[in-house]
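All values below were derived from every heavy atom in this structure, side-chain atoms included, with hydrogens, water molecules and symmetry-related copies excluded.
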Amino acid sequence: MAGLRLDKILSKSGFGSRKDVKKLILGGRVSVNGKAVTDSSFKANPEDIFVDGNKISYREFIYVLMNKPQGVISSTEKGRTKTVIDLLDDDLKSYSPFPVGRLDIDTEGLLLITNDGPLAHNLLAPKKHVDKTYYAKIKGVVTDIDVQKFNEGLDIGEDKPTLPATLKILESGETSEIEVTICEGKFHQVKRMFHAVGKEVVFLKRIKMGNLTLPPDLETGDYIEISIDDIQNAQKED
Ligand code: URA
């Protein structure tokens, strides 16, 4: 390995921002192959780097599984509205993560956040048809006819009808409870599918994406770090 800048490696290994890392290096706490290095631009192999005598564990990518709360947006852009990135601790923020796809501001549930561009691309690529399952409360009585219509595909105003979706009725009544699995990711898709059968989504929560399941004990607004192995095999080709 030709080596990477010391400050870059350390800031990607949980030692804070580039500024924090610079201080650490200037403080003489970092050594490479047993020799103290005080130059932040020094190029090194992550395997050879020690901080306070402890070997660092370098990682390039982070994978965060969040239970997104309502009221925050799935964006990296700083604005007036709080983003899912704002909910992460500073160490994770230093990896420049972004959400894999979007959940609406009023949708809760499973959201993957990473800095692994190729992985995100794979999970979002339309032809990969990654399954996404949502739990929802619906205003109105959801019937077996709706189940059939979801399975046949619905006209939601796009060029083509939606691909078959699996609708499971958990409870049917004035407010119904359902689970729906879709394999596309069109804007407001679940809400628009229910709109197409004359019903309204009043609560929406994603509970599954590919082979990732929202842990039932993960509170809204909380998150856990997961590994790439937890995510792999989430995709299936056409
Ligand atoms: N479908 C929606 O309508 N909204 C979401 O946030 C996700 C899927």
Verdict with reasoning, Lys22 to Asp7, per side-chain contact (heavy atoms from CB on, under 4.5 Å): CA-CA 6 Å; Lys22 214 174 187 141; Asp7 52 0; 5.7 Å; no

From CA spacing to verdict: side-chain contact (heavy atoms from CB on, under 4.5 Å), Ile228, Phe61:
CA-CA 9 Å; Ile228 181 76; Phe61 297 124; over 6 Å; no

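Using a distance-only test at 3.5 Å, with no hydrogens or angles considered, no donor-acceptor pair links the side chain of Thr83 to the main chain of Ser74. A donor-acceptor pair under 3.5 Å is absent between the side-chain atoms of Asn67 and the main chain of Gly221, judged by distance alone.
Residues Val21 and Ile62 fall into different hydrophobic clusters, defined by Ile, Leu, Val, Met, Phe, Trp and Tyr side chains chained together at heavy-atom separations under 4.5 Å.
Here the OG-CZ distance, from Ser227 to Arg59, works out to 11.5 Å after rounding to the nearest 0.5 Å.
Heavy-atom contacts from other residues, nucleotides or ligands closer than 6.0 Å to CG of Asp52 number more than 12. Shown here is Arg5, whose CZ atom has more than 12 heavy atoms of other residues, nucleotides or ligands within 6.0 Å. The 12-atom threshold is exceeded at NZ of Lys93, counting heavy atoms of other residues, nucleotides or ligands nearer than 6.0 Å. Enclosure of atom CD in Glu184 by more than 12 non-hydrogen atoms of other residues, nucleotides or ligands within 6.0 angstrom is indicated.
Salt bridge present: Lys55 and Glu47 bring a charged side-chain N and a carboxylate O closer than 4.0 Å. Between Lys191 and Asp104, at least one side-chain N (NZ, or NE/NH1/NH2) sits under 4.0 Å from a carboxylate O, which counts as a salt bridge. Residues Glu158 and Arg192 are paired through a salt bridge, judged by an N-O separation under 4.0 Å between the basic side chain and the carboxylate. Salt bridge status for Lys78 with Asp86: present, with a side-chain N to carboxylate O gap under 4.0 Å.
Gly109 approaches Leu103 most closely through the heavy-atom pair O-CD1, 3.8 Å.
With hydrogens and angles left out, the side-chain atoms of Tyr135 and Glu177 include a donor and acceptor closer than 3.5 Å.
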